[in-house]
Amino acid sequence: MLPTRSEKPRKMGMTMVMDKGLSIRQAEDLIEVGGDLVDFVKLGFGTSLFTSTVKEKIALYRAANIRVYVGGTLFEAFYHRNQLDEFRGWVDYLGCDAIEISDGCIEMAHAEKCEQIRKFSGSHYVLSEVGCKDASVEIPVEEWVSMTLNELSAGSSVVIAEARESGTVGIYDCDGQANSLLIEALMAAAGQDQIMWEAPAKSQQAWFVNLLGANVNLGNIAPDEVIALETLRTGLRGDTFHRFI
Amino acid sequence: MLPTRSEKPRKMGMTMVMDKGLSIRQAEDLIEVGGDLVDFVKLGFGTSLFTSTVKEKIALYRAANIRVYVGGTLFEAFYHRNQLDEFRGWVDYLGCDAIEISDGCIEMAHAEKCEQIRKFSGSHYVLSEVGCKDASVEIPVEEWVSMTLNELSAGSSVVIAEARESGTVGIYDCDGQANSLLIEALMAAAGQDQIMWEAPAKSQQAWFVNLLGANVNLGNIAPDEVIALETLRTGLRGDTFHRFI
Amino acid sequence: MLPTRSEKPRKMGMTMVMDKGLSIRQAEDLIEVGGDLVDFVKLGFGTSLFTSTVKEKIALYRAANIRVYVGGTLFEAFYHRNQLDEFRGWVDYLGCDAIEISDGCIEMAHAEKCEQIRKFSGSHYVLSEVGCKDASVEIPVEEWVSMTLNELSAGSSVVIAEARESGTVGIYDCDGQANSLLIEALMAAAGQDQIMWEAPAKSQQAWFVNLLGANVNLGNIAPDEVIALETLRTGLRGDTFHRFI
């Protein structure tokens, strides 16, 4: 039997797509084929600053019931320069309804990160991210778990488990293999609806679907992989075919 | 001298493109740039189920004289559930004129596979595929050859040599290197117009063009690689430059 | 502080995009999102011969103040067949305002290459390329430097340092790692405005931005990476975040 897929508004089985600078038409194409399947669009890193039609694009996404936020790296760039008011102004000018709070590039006390989550969660849907973008920094499992729980308490709706666009850091090793111990510890501590796993590579998406089923939350999906991901979620592609029969 | 390329309707030099969920406009773009070069579009694995505009898209392809079929994995998913009537209904509802019959994910007696080929070949153009999607399963060369010949006898117009979208199984090893012994045995047994080689990676496409010339049948080509492939076929890219001078 | 980016018409911080067969709409999309950021479009290898709407597409690029030229491999294919008049005719028919002169696939005396640069530079903006497409051929550093300087003297406006679309030859090793010695020798000999580094992979783009700053000339950029590259240039992506704070 094919698995039943959750529907919008979803709490599980969510898909977050990384938009690195799509044109208006390309965003319309994404909505045409995957509008019902995509729950979040992340305007990756600082790309929102360099896309002249970004405001119009965000309006299109939101009209399709897709939450939109700018990449956490942009939050960090403003934070690092003591310009959080300007950051809030930029996000509100764009019309984003969500915000990602991360510390993948900068040093930030965890209490301070939670304080930022608390502040923004009053006005925005907050996603926070745990994990360092530097492959040489390894966060111990217990610390990763406790940061995740603290951030949820502080007001994050979803905590993202970092992998970058490359899928070779955070919850994966440098070859893109998943860190099972870490992932199982996170699963045991938090609910499936509270975590989003970054899984840019097909093998990673399949790994999570095989482990956690069709309705796992997956992020950093490329725009042209949204339909292919749906076949993985439902066992209609070789990699997950045997999960659902 | 540049090699002469075959023209539609081709029996050799065919190109099969994998569509993993293109929008209507993206399909139109593919037709604009490569309509004369593309002979088949495969709606990869189960993606046809999740693309709301798929019927309209298929009509566009067929109007451009491109044969369209759904990925063999979808045939297998229906077959495995004893729903072949529903499969036939779905394919006919979509307006596909071709069908792929494969057993890459499931166990299926070869006689039974040939029986399915026989049945469908009465009403549809049939492509069948030899090769397992599981990298740990190796089919002996003689068996691969005899399966290919049996499936042609049973009614397949073209037999596809499996490589997946990744290009790392079937006729390639896990590093994507071609299995020369297998490929030469297939060439010796069947005609160039009877086999289609899946060759998703540029190095694989170049390898086949260097071995078999401009008019080799190649499949699993990404939509945005169709024109680049044409330069490989004609020696107007570094990788095959010296093949044709 | 974010770095200041150069503006059109640029001599430094130029971006060259590789177009392998975009449709008219896809070219319009590229112009919408990156028209101000893209200085050159290269119609890769021989693709200009197989794209029916290429003349219209070139007109679009040029109207957006983007220089357009056909890949050096096409120059070499015509040269090798003693058809340079036909090559000039093709380029002029297309409406390209620039020409790439290279010898990556063929043997050509350096004096002859410089002579071709001299001839074409009377009528066209000339880019010439140093580096062999064959990974087994290694050009000594001093020879690479002297060829670069000779070609600039002969009339090249910019000399391209070869990497192919794969980013695994020329200024990189087979793993895509940059050859620092060669690159520093070139930097010492010529101006930053006289060299364009092919850098198809993100890690290579980041490497050059970290070494030479925001306004380094980079080539072989994929069309859908133009905005992402801008975030690398300005330190708004993890890989170059610490370069500019």
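Chain letters run A, B, ... following the sequence lines, proteins first and then strands; every chain starts at 1. Heavy-atom basis, side chains included; hydrogens, waters and symmetry copies ignored.
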Chain B contact residues among residues 22-35 of chain C, heavy-atom distance under 4.5 Å = Leu22(C), Ser23(C), Ile24(C), Arg25(C), Gln26(C)
Count the heavy atoms of every other residue, nucleotide or ligand shown that sit under 6.0 Å from NZ of Lys11(B), and state whether that count exceeds 12.
-> no
Separation between CG (Leu236(B)) and CG (Leu49(C)), nearest 0.5 Å, reads 6.0 Å
Might you confirm whether atom CG of Asn179(B) has over 12 heavy atoms from other residues, nucleotides or ligands at distances under 6.0 Å?
-> yes
Residue pair Arg237(B), Glu165(C): steps toward the salt bridge (Lys or Arg N to Asp or Glu O under 4.0 Å) verdict | CA-CA 11 Å; Arg237(B) 189 169 183 179; Glu165(C) 195 204 357; 2.7 Å; yes
Should we count CG of Asp193(B) as having more than 12 external heavy atoms under 6.0 Å?
-> yes
Check whether more than 12 heavy atoms from other residues, nucleotides or ligands sit under 6.0 Å from atom NZ of Lys119(C), and answer yes or no.
-> no
Can you say whether Asp239(B) sits under 4.5 Å from chain C via the side chain, the backbone, both, or neither, judging by heavy atoms?
-> both
Is there a side-chain contact between Phe241(B) and Ile106(C) (heavy atoms, below 4.5 Å)?
-> yes
From OG1 (Thr231(B)) to CZ (Phe45(C)), nearest 0.5 Å = 5.0 Å
Please state whether the side chain, the backbone, both or neither of Thr47(C) comes within less than 4.5 Å of a heavy atom of chain B.
-> both
Proximal to chain B - members of residues 80-105 of chain C, heavy-atom separation under 4.5 Å | His80(C), Arg81(C), Cys105(C)
What are the two closest non-hydrogen atoms of Ile227(B) and Thr51(C), and how far apart are they?
-> CG2-OG1, 3.8 Å
Stepwise side-chain contact (heavy atoms from CB on, under 4.5 Å) check, Val226(B) with Lys20(C) = CA-CA 9 Å; Val226(B) 167; Lys20(C) 295 190 295 181; over 6 Å; no
